[in-house]
Structures are given as C-alpha cells and as structure tokens.
Student: 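My questions will all concern the structure given below.
Values below: all heavy atoms of this structure, side chains included; hydrogens, waters and symmetry mates excluded. All ligand and atom numbering here is 1-based and tracks the order in the structure.
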Amino acid sequence: MARVLSGIQPSGDLHLGNYFGAVRNWVNDQTTKDAFFCVVDLHALTNTPDPEELRRQSIQLTSLLLAAGIDPLQSTLFLQSHVPSHQQLAWILECTATYGELRRMTQFKDKGGDQETVRVGLFTYPVLMASDILLYQADEVPVGDDQRQHLELTRELAQRFNNRYGQIFKVPNATIPAVGARVMDLQHPERKMSKSVASPLGTIGLLDAPSEIEKKVKKAVTDTDDMVRFDPQLKPGIANLLSLLAAATDGDPKVLADSYQRYGDLKRDTSEALVAILTPLQERYEEFQRDPAQVLAILKLGAEKARSVAEVTYASAADAVGLIAP
Ligand code: TYM
C-alpha cells in the first residue's frame with residue numbers, strides 16, 4: 001500500500017486553497033493509502049505567534065481536519081512537536097543541504113529572506129519539511145502547487161543522502177491535483193489565496209458564514225468583456241471562479257465555461273456550490289469544538305503511531321552518519 005504524508009501549518013484560518021489544494025485530497029487518499037497527516041506547529045513558530053494563540057490554532061486546525069473528513073481510524077493525525085525525530089533528523093539534513101539551495105527557495109525570498117532580521121528558522125524551514133516527509137518513507141506527498149519547489153528540495157536531499165550513506169530514504173513524489181492546485185485571491189486573482197495576506201474579501205475561510213461566501217463571490221474581481229472563457233492568463237478572475245466551481249462539483253473548468261453566458265450566473269452557482277460543501281463541514285466542526293478532550297486524545301494516539309514509524313527511520317539515518325545509538 002502506498003504511504004502518503006502531508007502537513008499543514010496552524011497559523012491563520014484555513015481557506016479554500018488549503019481545502020482544494022490539499023485537505024480534500026487527503027480525505028480521498030486515506031481510504032486507499034497508508035496516510036499520515038501532520039499539524040506542523042514547529043513550522044508555525046517561524047511566524048512568531050502568541051503562545052496561547054498557537055495552542056488554540058493547533059486544536060482548531062485539528063478539529064477542522066476532522067470536520068473535513070480526516071478519520072483517525074484510517075489516518076494517523078498528529079502534531080509535529082509530539083514526534084521529536086522531526087527535529088533530530090532536520091539537523092542531519094541541515095548538514096546535507098547547502099546555503100545556496102535554501103537561499104533560492106521562492107517562499108523564503110517572498111517572506112523577506114534578504115533582510116538582516118529574518119529568523120534563521122524561516123531559512124531552514126524547508127529542511128524541517130523534508131524531515132517530516134522522509135521520516136515516514138512516504139511515496140506520495142499531496143500538496144498544492146506552491147509546495148512544488150520544497151518537494152524538489154526534499155527529493156534532492158534524499159538522493160544526496162542516499163548516494164553518500166546508502167539507501168536510507170525513499171525518494172517521494174509530490175501529488176498535485178489537476179483542479180484546485182492554485183486557488184487565487186478573489187480580489188487579486190494574479191496572486192494565490194493565502195492566510196497571511198491581509199485580504200479579507202479575497203479569501204474564503206472554511207468557517208465563513210454562507211452570507212459572507214455569497215458576498216465575497218459576488219464582489220470577486222472579473223473583467224469587463226462579459227465572456228465566460230477559461231483563460232487564466234487573460235481572464236484570471238473568471239478562470240479562478242470556474243476552477244472553484246469545478247473543484248466544488250468535481251467538474252472540468254473548461255467544460256463548465258461552455259455552460260455560462262453571464263458572469264452573474266457563474267457567480268451564483270459558484271457560491272451555492274461552495275456553501276453546499278462548507279455547511280456540513282462547519283456543523284461537524286462545531287461538534288469537535290465542543291469536545292477538545294476528544295481532539296487531544298486523537299492527537300495523543302496519532303503521535304504514538306507516528307513515533308513508532310519515525311523513530312525507526314531516524315535510528316537508521318543516525319547510524320548511517322556515524323552517531324552511536326544511546
Ligand atoms: P500551508 O500550511 O501553507 O498550506 C497547507 C496546504 O495548502 C496548500 N495551499 C494551497 N493550495 C491551493 N491554492 C492555494 N491558494 C493554497 N494555499 C495553500 C499548500 O500547498 C499545502 O499543501 N510547508 C507547508 C507545510 C508542511 C508540509 C510538510 C507539507 C510542513 N511539512 C510536509 C507537506 C509535507 C505549508 O506551509 O503549507
């Protein structure tokens with residue numbers, strides 16, 4: 001059975017990009033694959049969050065993943081900081097990665113990587129991510145398009161390590177969905193929908209009320225020629241709405257474009273399809289919110305299962321580089 005592993009940061013509210021780019025595909029994967037999903041609280045420290053806020057967000061994100069359909073009986077769902085091997089292997093991989101390749105990471109550059117005050121954790125972030133993946137000998141890593149470069153680095157580090165020390169790590173593949181891999185901001189369709197960008201009208205959160213979703217879709221930036229065509233270059237706003245409708249209805253954005261003459265109809269159907277997906281998710285979320293003890297118990301069990309796999313890989317890697325077992 002193929003093994004999948006993916007991760008998500010507990011920072012900011014989850015949005016449709018996270019859902020269509022990643023989480024929904026995790027839910028599908030768990031039925032046929034050996035699935036590990038990780039709430040990457042150590043990665044969230046790169047945003048220097050308020051401590052109480054980080055604790056709250058970690059529980060909230062876990063509840064949302066459960067509400068979205070991650071089933072703890074099928075998947076191993078855990079907090080990254082509960083499995084110390086992630087940090088232990090990260091150090092060994094930091095001694096494998098080069099300064100040049102980390103400096104070239106576009107997410108690092110986008111977050112102000114050239115500034116003196118930038119935290120070192122932001123620089124080494126992709127190495128910790130490689131550690132998350134390689135510890136589980138994952139075959140596949142389901143992610144959105146923005147993680148492509150980090151996955152290439154992970155593959156490169158695995159290969160470099162294996163060439164030097166022997167076959168310790170499986171070299172994983174990114175699995176990026178055909179539709180929804182890059183959900184764009186509704187107000188600025190040339191940039192991706194993101195938790196960190198201050199664009200409340202451009203981002204649809206998974207917990208947004210139906211009236212908010214309707215308002216945001218209605219106000220989504222389009223263009224003036226009133227022709228529905230799937231053309232991400234020339235008509236990024238319309239292409240984004242078609243992609244959202246396609247993702248929500250398991251359709252094809254190019255085929256869907258032929259069924260619409262007017263922007264208003266496309267917007268109405270898009271917001272209806274999104275509300276239909278998010279309403280049941282929000283109801284399940286409320287149930288988990290009422291029972292944080294259950295969420296913590298799920299994380300505890302997940303960490304035990306994750307540790308049993310991660311510790312084996314870490315021990316092989318540590319032995320391979322010449323560290324003496326304790
Ligand atoms: P994060 O927390 O930023 O995002 C989680 C997942 O959501 C996807 N995503 C999107 N997909 C489509 N359109 C968008 N606008 C959009 N925005 C976000 C991301 O591609 C991601 O799949 N570094 C990772 C977390 C991580 C990880 C890992 C992932 C840490 N360790 C190991 C995979 C494997 C991140 O910051 O994702």
Student: Please examine the side chains of His188 and Val221, heavy atoms only from C-beta on, and report whether any two atoms are closer than 4.5 Å.
Tutor: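 SC-SC contact between Val221 and His188 ruled out.
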Student: Among all protein heavy atoms, pick out the one at the shortest distance from atom 28 (C) of ligand 1; state its residue, atom name and that distance to 0.1 Å.
Tutor: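 Nearest neighbour among protein heavy atoms for atom 28 (C) of ligand 1, to 0.1 Å: Met129 CG, 3.4 Å.
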Student: In the protein, what heavy atom is nearest to atom 6 (C) of ligand 1, and what distance, to one decimal place, separates them?
Tutor: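 Among all protein heavy atoms, the one nearest atom 6 (C) of ligand 1 is Ala22 CB, 3.7 Å.
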Student: Can you tell me if Gln137 uses its side chain to pair, donor with acceptor, with the backbone of Ile168 under 3.5 Å?
Tutor: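 It does hold such a pair.
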Student: Using a heavy-atom cut-off of under 4.0 Å, does the side chain or the backbone of His43 touch ligand 1, or both, or neither?
Tutor: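 Looking at His43 and ligand 1, just side chain atoms fall under 4.0 Å.
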Student: Does the ring centre of Phe169 sit less than 6.0 Å away from the ring centre of Phe161?
Tutor: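 That pair passes the under 6.0 Å test.
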Student: Students should be able to answer this: which protein heavy-atom is nearest to atom 31 (N) of ligand 1, and at what distance?
Tutor: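 Nearest protein contact, heavy atoms only, for atom 31 (N) of ligand 1 is Asp132 OD2, 2.6 Å.
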Student: Enumerate the atoms of ligand 1 whose separation from the nearest heavy atom of Gln9 is less than 4.0 angstrom.
Tutor: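 That gives atoms 2 (O), 36 (O) of ligand 1.
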Student: So, Arg262 side chain and Val228 main chain: donor-acceptor pair closer than 3.5 Å or not?
Tutor: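 Here the side-chain-to-backbone pair does not exist.
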Student: Using only heavy-atom distances, determine whether the side chains of Tyr314 and Asp319 contain a donor-acceptor pair under 3.5 Å.
Tutor: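 There is no such pair between these side chains.
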Student: Check whether any heavy atom of Ser194 sits under 4.0 Å from an atom of ligand 1.
Tutor: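 Contact absent.
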Student: Do Gln30 and Asp71 pair up side chain to side chain, a donor and an acceptor below 3.5 Å, judged on atom types alone?
Tutor: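 No, Asp71 and Gln30 have no side-chain donor paired with an acceptor closer than 3.5 Å.
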Student: For atom 17 (N) of ligand 1, find the nearest protein heavy atom and state the residue, atom name and distance (0.1 Å precision).
Tutor: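 Nearest neighbour among protein heavy atoms for atom 17 (N) of ligand 1, to 0.1 Å: His15 CE1, 3.5 Å.
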Student: Give me the residue, atom name and distance of the protein heavy atom closest to atom 36 (O) of ligand 1.
Tutor: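 Result for atom 36 (O) of ligand 1: Tyr125 OH, 2.6 Å.
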Student: Checking a contact table here: which protein heavy atom is nearest atom 37 (O) of ligand 1, and how many Å away?
Tutor: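 Its nearest protein heavy-atom neighbour is Gln147 NE2, 3.8 Å.
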Student: Can you check which of Asn25, Val143, Asp146 brings a heavy atom nearest to atom 20 (O) of ligand 1?
Tutor: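 The nearest heavy atom belongs to Asp146.
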Student: Which atoms of ligand 1 sit under 4.0 Å from any heavy atom of Gly180?
Tutor: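 Once the distances to Gly180 are compared, the set is 12 (C).
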Student: I need the nearest protein heavy-atom contact for atom 4 (O) of ligand 1: residue, atom name and distance, please.
Tutor: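 Going atom by atom, the protein heavy atom closest to atom 4 (O) of ligand 1 ends up being Asn18 ND2, 3.3 Å.
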Student: Using a strict cut-off of 4.0 Å, indicate which atoms of ligand 1 neighbour a heavy atom of Ile8.
Tutor: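 Once the distances to Ile8 are compared, the set is 2 (O), 5 (C).
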Student: Taking the six-membered ring for Trp, are His86 and Tyr136 ring centroids under 6.0 Å apart?
Tutor: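 So the answer is yes for these two rings.
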Student: Could you list the atoms of ligand 1 found under 4.0 angstrom from a heavy atom of Val141?
Tutor: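 In order of numbering, the contacting atoms are 33 (C), 34 (C).
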Student: Under 3.5 Å between any N/O of His150 and any N/O of ligand 1: does that happen in this structure?
Tutor: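 For ligand 1, there is no N or O atom that lies under 3.5 Å from one belonging to His150.
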Student: Is the closest side-chain heavy-atom distance between Leu245 and Leu266 below 4.5 Å?
Tutor: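 Of all side-chain heavy-atom pairs linking Leu266 with Leu245, at least one is under 4.5 Å.
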Student: Please state which protein non-hydrogen atom is closest to atom 14 (C) of ligand 1 and give its distance, to 0.1 Å?
Tutor: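 For this ligand atom, the closest protein heavy atom is Gly17 CA, 3.5 Å.
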Student: May I ask you to check whether Ile133 has an N/O atom sitting below 3.5 Å from an N/O atom of ligand 1?
Tutor: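 No: no nitrogen or oxygen of Ile133 is under 3.5 Å from one in ligand 1.
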Student: So, Ser6 side chain and Pro142 main chain: donor-acceptor pair closer than 3.5 Å or not?
Tutor: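 Side chain of Ser6 to backbone of Pro142: a pair is present.
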Student: Only heavy atoms of Val40, strictly under 4.0 Å: list the atoms of ligand 1 that pass.
Tutor: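 By the 4.0 Å cutoff, the relevant atoms are 30 (C), 31 (N).
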Student: Salt-bridge test for Arg56 and Glu53: reply yes if a basic N is under 4.0 Å from a carboxylate O, no otherwise.
Tutor: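 Looking at Glu53 together with Arg56, the answer is yes, because their closest N to O distance falls below 4.0 Å.
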Student: Ignoring hydrogens and geometry beyond distance, is a side-chain donor-acceptor pair present between Ser58 and Asp41 at under 3.5 Å?
Tutor: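 Distance-only check fails for Ser58 and Asp41.
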Student: Evaluating non-hydrogen atoms only, which member of Ala247, Ala181, Gly144, Pro142 is closest to atom 12 (C) of ligand 1?
Tutor: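 Selected option, by shortest heavy-atom distance: Ala181.
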Student: Indicate yes or no: at least one non-hydrogen side-chain atom of Gln149 is less than 4.5 angstrom from one of Gln107.
Tutor: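 Gln149 vs Gln107: side chains apart.
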Student: Quick check on contacts: which atoms of ligand 1 are under 4.0 angstrom from a heavy atom of Gly21?
Tutor: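 Once the distances to Gly21 are compared, the set is 11 (N), 12 (C).
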